[in-house]
2 protein chains.
Amino acid sequence: MCDASVTHAFSILGKRWNGMIIEVLGRGPLSFAALRRAVGGISDAVLSDRLTELAEAALLSRCVAPGPPVTVSYALTESGERLLPVLTDLGAWARDNLPLDSTS
Amino acid sequence: MCDASVTHAFSILGKRWNGMIIEVLGRGPLSFAALRRAVGGISDAVLSDRLTELAEAALLSRCVAPGPPVTVSYALTESGERLLPVLTDLGAWARDNLPLDSTS
DNA sequence: AGTCATTACTCTGTTTTTCAGAGCGACTCC
DNA sequence: GGAGTCGCTCTGAAAAACAGAGTAATGACT
């Protein structure tokens with residue numbers, strides 16, 4: 001049987017884009033549009049869905065500044081931040097172990 | 001811009017099931033059917049696809065014993081094995097930081 | 001004032017991925 | 001012979017992701 005906690009981790013990270021959203025927010029809060037640009041290649045609709053899920057999982061928080069103009073920023077929670085060192089390790093693993101042409 | 005090595009890592013791990021397949025194989029080589037049972041919930045077709053991809057990324061190797069009966073086993077490569085400590089950290093992070101009802 | 005750009009999304013049809021189940025030949029066991 | 005397991009492949013359905021358009025509210029520029 002697959003370890004339940006790893007399964008749990010991949011219920012979030014095994015969905016396209018979540019790992020990258022969290023990694024990008026590791027550098028500081030961003031607006032929706034800035035996030036989309038930073039992640040690169042994600043559609044608005046999917047980004048919106050992902051942000052909702054990640055907020056529901058309490059990995060990030062959504063802050064509305066009433067404006068005008070209204071601005072919304074997304075920031076990692078402490079739980080989200082605690083993932084960052086693991087993401088760093090993942091990046092190091094990929095750099096050293098994944099063939100260059102395995103990206104697809 | 002999202003870090004290229006994290007993007008690279010998630011080109012593998014951001015696809016459903018890959019993290020779990022690697023984690024299960026961390027305990028030793030398994031046949032196709034045993035893998036399917038150990039991962040739990042994955043379809044044959046997707047398992048077959050994933051194993052092909054992971055083999056192409058050199059994270060696992062597929063060994064055919066000619067039999068009879070023919071048996072096929074899948075084992076992590078060194079590159080695959082090097083991911084295991086990171087997966088352990090991921091599991092620990094999930095246990096301590098993900099709400100119980102975030103699994104979906 | 002009008003135009004353009006940006007914002008934070010929502011909506012919609014299309015494409016891709018995953019799911020659920022059936023099937024095959026080769027074997028083993030009763 | 002029948003039932004079960006193996007390692008897949010195949011197929012149609014459902015879900016996820018993609019690609020692009022749209023909205024009201026702003027701000028900047030001409």
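Values reported hereafter were calculated over all heavy atoms of this structure, with side chains retained and with hydrogens, waters and symmetry mates removed.
- Note that the CZ atom of Phe10(A) and the CG atom of Leu90(B) stand 5.5 Å from one another [nearest 0.5 Å].
- Atom pair Leu47(A):CG and dA19(D):C1' shows a separation of 15 Å (rounding to whole Å applied).
- The minimum heavy-atom distance between Val39(B) and Cys2(A), with the atom names listed, is O-CB, 4.2 Å.
- With the nearest nucleotide of DNA chain C identified for both Ser73(A) and Ala45(A), Ser73(A) has the one nearer the 5' end.
- For the OP1/OP2 pair of dG7(D) and a distance below 4.0 Å, the side-chain nitrogens and oxygens of Ser48(B) include no atom meeting the criterion.
- Map Trp17(B) and Ala34(A) each onto its nearest nucleotide of DNA chain C; the residue landing nearer the 5' end is Ala34(A).
- Computed from coordinates, the Asp44(B) CG to dT11(D) P distance equals 16 Å when rounded to whole Å.
- Rounded to a whole Å, the CG atom of Asp49(B) is 16 Å from the P atom of dA20(C).
- When the side-chain nitrogen and oxygen atoms of Arg36(B) are compared with OP1 and OP2 of dC19(C), none of them lie within a distance under 4.0 Å.
- Closest non-hydrogen pair, Asn97(B) versus Leu59(A), comes out as O-CD2, 4.4 Å.
- In this structure, Val86(B) and Leu83(B) have side chains that are in contact, with non-hydrogen atoms separated by less than 4.5 Å.
- Taking atom CG of Leu51(A) as the reference point, atom C1' of dA8(C) lies 11 Å away to the nearest angstrom.
- Between Arg62(B) and the phosphate of dC8(D), there is a side-chain N or O to OP1/OP2 separation shorter than 4.0 Å.
- At dG20(D), none of the side-chain N or O atoms of Ser43(A) fall inside 4.0 Å of OP1 or OP2 (strictly under the cut-off).
- The nearest whole Å value for the distance from the CG atom in Leu35(A) to the P atom in dT6(C) is 17 Å.
- Looking only at side-chain heavy atoms (C-beta outward), Ile42(A) and Ile21(A) come within less than 4.5 Å of each other.
- Rounded to whole angstrom, the span from the CD1 atom of Ile42(B) across to the C1' atom of dG7(D) amounts to 14 Å.
- As rounded to whole Å, 12 Å separates atom P of dT18(C) from atom NZ of Lys15(A).
- Closest to the Ala33(B) side chain, of the nucleotides dC6(D), dA8(C), dT18(C), is dC6(D).
- Protein atom CZ of Arg50(B) is 8 Å distant from nucleotide atom P of dC19(C), rounded to whole Å.
- Comparing atom distances between the Pro69(A) side chain and each of dG7(D), dC19(C), dG27(D) picks out dG27(D) as nearest.
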